[in-house]
Amino acid sequence: MAQSFGQAEINWDKLDKTRFYVVGAGLFTGVSVALYPVSVVKTRLQVATKDAVERNVLSVVKGLLKTDGIPGLYRGFGTVITGAIPARIIFLSTLETTKLAAFRMLEPFRLSETTQAAIANGFAGMTSSLFAQSVFVPIDVVSQKLMVQGYSGHAQYSGGLDVVRKVLRSDGIQGLYRGFGLSVITYAPASAVWWASYGSSQRFIWRFLDHGAKYDEGAPSLQKIMLVQATGGIIAGATSSCITTPLDTIKTRLQVMGHENRVSIKQVAKDLINEDGWKGFYRGFGPRFFSMSAWGTSMILTYEYLKRVCSKDE
């Protein structure tokens, strides 16, 4: 592995895990506070009916601010934060341990560094997403119902617990896992693409910057490391959002529907085509593109900073 990248990378076995989880909970909560309104807007755009008045980003934001003020942009936030902590612990633990194991398994094949990174990171991203969906899906169902309550004919709720009670009463436990299969199909590939793009793009950028195997002048500066990581995050978020938005739109519509309106994936797809043509699958693409790129960049810079803060003293 190139020296510069090796000096920028901190492996899982070098981290103080307790500190990592405690500090990470605070840092990622801060990132979520900053970017959560984008998710609310994206979700509302995806579930809007053909006759809805609010059909673009600006009108959705204006409508939320007019009816609820700033808190309207944070509908369902408490549910997301409560569930996100255990979900992230599962995700990050699985990601790092799987990535390390995958790199070791690929060593005998003598692949190029970029290819090896893409495969190992992609496999780790997909595996960690599969494990984390058991927690993420119920959070998604509850938070999305809160995001769209009262909008385009959707029911009103008094809070996250009220959503859970009503879903359990009408659909049982499976109601909290509505769209689970589609979530796995959406997020597992998205996570694989994201982490594969991030891992490979970093190495490509370092090579482009001439920080390759012949680089022997010491560690790159912190600013340069952060710039490379941020660029990798943008590339990864843009790539992933372009590929997975259609599935995310269908999944979101399924999850926010009431018991009486239950339909199939095929019917949701037909409705989208009837309402907007094929571009209907890319409803909310702008906010999702921005969210995944901004979230990816913010998340990865926070994550890499967290690893530096929590690395064990040699």
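Under the 3.5 Å distance criterion, the side-chain polar atoms of Lys17 are matched with a main-chain donor or acceptor of Leu15. When atom types are taken as modelled, the side chain of Arg283 and the backbone of Lys42 share no donor-acceptor pair closer than 3.5 angstrom. Using a distance-only test at 3.5 Å, with no hydrogens or angles considered, no donor-acceptor pair links the side chain of Asp248 to the main chain of Thr244. Side chain of Asp68 to main chain of Pro71: no donor-acceptor pair is present (N/O by atom type, distance under 3.5 Å, no hydrogens or angles). The backbone N or O of Lys270 sits less than 3.5 Å from a side-chain atom of Asn274, completing a donor-acceptor pair. Between the Ser93 side chain and the Ile90 main chain, no donor and acceptor come within less than 3.5 Å of each other. Without hydrogens or angle criteria, Ser170 side chain to Val167 main chain gives a donor-acceptor distance under 3.5 Å. The backbone N or O of Ser39 lies less than 3.5 Å from a partner atom in the side chain of Thr43, making a donor-acceptor pair. Looking at Thr297, its side chain never comes within 3.5 Å of a backbone N or O of Ala294 through a donor-acceptor pair. With hydrogens and angles disregarded, no donor-acceptor distance shorter than 3.5 Å links the side chain of Asn11 to the backbone of Lys14.
By the 4.5 Å heavy-atom criterion applied to side chains, Arg203 and Phe208 are not counted as neighbours. For the pair Arg44 and Leu64, the minimum side-chain heavy-atom distance is below 4.5 Å. Under the 4.5 Å side-chain criterion, counting only non-hydrogen atoms from C-beta, Pro86 is not in contact with Ile89. Annotation: side chain of Phe123 is in contact with side chain of Thr98 (closest heavy-atom distance under 4.5 Å). Side chains of Phe20 and Trp12 form a contact here, defined as non-hydrogen atoms less than 4.5 Å apart. Proximity of Val141 to Lys145: side-chain heavy atoms (C-beta onward) are separated by under 4.5 Å at one or more points. Looking only at side-chain heavy atoms (C-beta outward), Tyr187 and Lys251 come within less than 4.5 Å of each other. Proximity of Ile235 to Thr231: side-chain heavy atoms (C-beta onward) are separated by under 4.5 Å at one or more points.
Distance check: Ile205 CD1 to Gln229 CD gives 10.0 Å after rounding to the nearest 0.5 Å. Considering CH2 of Trp194 and OG of Ser129, their distance stands at 13.0 Å, rounded to 0.5 Å. Between atom CG of residue Leu146 and atom NE2 of residue His154 there is a gap of 12.5 Å, rounded to the nearest 0.5 Å. Separation of atoms CZ (Phe28) and CD1 (Ile81) is listed at 11.5 Å; rounding is to 0.5 Å. Taken from CD in Gln144 to OG1 in Thr79, the straight-line distance is 11.5 Å, to the nearest 0.5 Å. Atoms OG and OH, on Ser201 and Tyr198 in that order, are 7.5 Å from each other to the nearest 0.5 Å.
By the rule that hydrophobic residues join a cluster once side-chain heavy atoms approach within less than 4.5 Å of another member, Leu176 and Val256 end up as members of separate clusters. Follow the hydrophobic side-chain contacts under 4.5 Å out from Val184 and you never reach Phe136; the two are in separate clusters. The cluster map of Ile, Leu, Val, Met, Phe, Trp and Tyr, joined by side-chain heavy atoms under 4.5 Å apart, puts Val193 and Tyr282 in different clusters. Note on Leu161 and Ile139: separate hydrophobic clusters, where clusters join Ile, Leu, Val, Met, Phe, Trp and Tyr whose side-chain heavy atoms are under 4.5 Å apart, directly or indirectly. Linking ILVMFWY side-chain heavy atoms closer than 4.5 Å, directly or via other members, places Tyr21 and Leu306 in a single hydrophobic cluster.
With sequence neighbours excluded, no residue forms a ring-ring contact (aromatic ring centres under 6.0 Å, His included) with Tyr157.
The aromatic rings of Trp195 and Tyr303 sit perpendicular, their planes meeting at an angle over 60°, well past the 30° parallel limit.
Counting non-hydrogen atoms of neighbouring residues, nucleotides and ligands closer than 6.0 angstrom, the OH atom of Tyr305 reaches no more than 12 such neighbours. The neighbour count for Phe281 CZ, taken as heavy atoms of other residues, nucleotides or ligands under 6.0 Å away, is above 12. Within a 6.0 Å sphere centred on CG of Leu168, heavy atoms belonging to other residues, nucleotides or ligands number more than 12.
Taking 4.0 Å as the cut-off between side-chain N and carboxylate O, Lys312 and Asp13 do not count as a salt-bridged pair. The pair Asp271-Arg253 fails the salt-bridge criterion, with no side-chain N (NZ, NE, NH1 or NH2) lying under 4.0 Å from an Asp/Glu carboxylate O.
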Discussion item. Before you tell me yes or no, could you show the steps for Leu58 and Lys62 under side-chain contact (heavy atoms from CB on, under 4.5 Å), namely the whole-Å CA-CA distance, both residues' side-chain angles and the distance that decides it to 0.1 Å?
Written reply: CA-CA 6 Å; Leu58 189 58; Lys62 282 183 176 178; 4.0 Å; yes

Worksheet item: After noting the C-alpha distance and the side-chain angles of Leu100 and Thr97, does the key distance pass the side-chain contact (heavy atoms from CB on, under 4.5 Å) rule?
Response: CA-CA 5 Å; Leu100 198 58; Thr97 52; 5.9 Å; no

Item to complete: Quick one: do Leu272 and Trp278 satisfy side-chain contact (heavy atoms from CB on, under 4.5 Å)? Show the steps, please.
Response: CA-CA 7 Å; Leu272 284 167; Trp278 290 100; over 6 Å; no

Discussion item. Go through it in stages, so that I can follow the logic: the residues are Val33 and Phe77, the test is side-chain contact (heavy atoms from CB on, under 4.5 Å), and I'd like the CA-CA distance, side-chain angles, deciding distance and then a yes or no.
Written reply: CA-CA 8 Å; Val33 169; Phe77 184 72; 3.4 Å; yes

Worksheet entry | Verdict with reasoning, Ser183 to Tyr177, per side chain to side chain donor-acceptor pair (under 3.5 Å) | CA-CA 9 Å; Ser183 289; Tyr177 283 88; over 6 Å; no

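Side-chain N/O atoms of Gln46 and Thr249 include a donor and acceptor closer than 3.5 Å. In summary, the side chains of Thr115 and Ser112 do present a donor paired with an acceptor at a separation below 3.5 Å, with no hydrogens or angles considered. In this structure, a donor-acceptor pair under 3.5 Å is present between the side chains of Thr245 and Arg288. Counting only N and O atoms by type, the side chains of Ser143 and Arg75 include no donor and acceptor under 3.5 Å apart.
For residues 89-111, the salt bridge (charged side-chain N to carboxylate O under 4.0 Å, His left out) pairs, not counting sequence neighbours, are Glu9-Lys99, Glu96-Lys99, Glu96-Lys307.
The minimum heavy-atom distance between Ser241 and Phe285, with the atom names listed, is O-CE1, 3.9 Å. When all heavy atoms are compared, the tightest approach of Pro287 to Val41 is CG-CG1, 4.4 Å. Considering every non-hydrogen atom in both Ser200 and Ala118, the closest pair reads CB-CB, 3.9 Å. Annotation for Phe91 and Gly125: closest pair CE1-O, 4.3 Å, computed over non-hydrogen atoms. Nearest heavy atom pair, residue Ser298 against residue Leu35, reads OG-CD1, 4.2 Å. Leu73 approaches Val40 most closely through the heavy-atom pair O-CG2, 3.3 Å.
In this structure, Lys224 fails the cation-pi test against Trp206, since its NZ or CZ atom is not both closer than 6.0 Å to the six-membered ring centre and inside 45 degrees of the ring normal.
Grouping Ile, Leu, Val, Met, Phe, Trp and Tyr residues whose side-chain heavy atoms lie under 4.5 Å apart, directly or via other members, leaves Phe204 alone, with no other cluster members.
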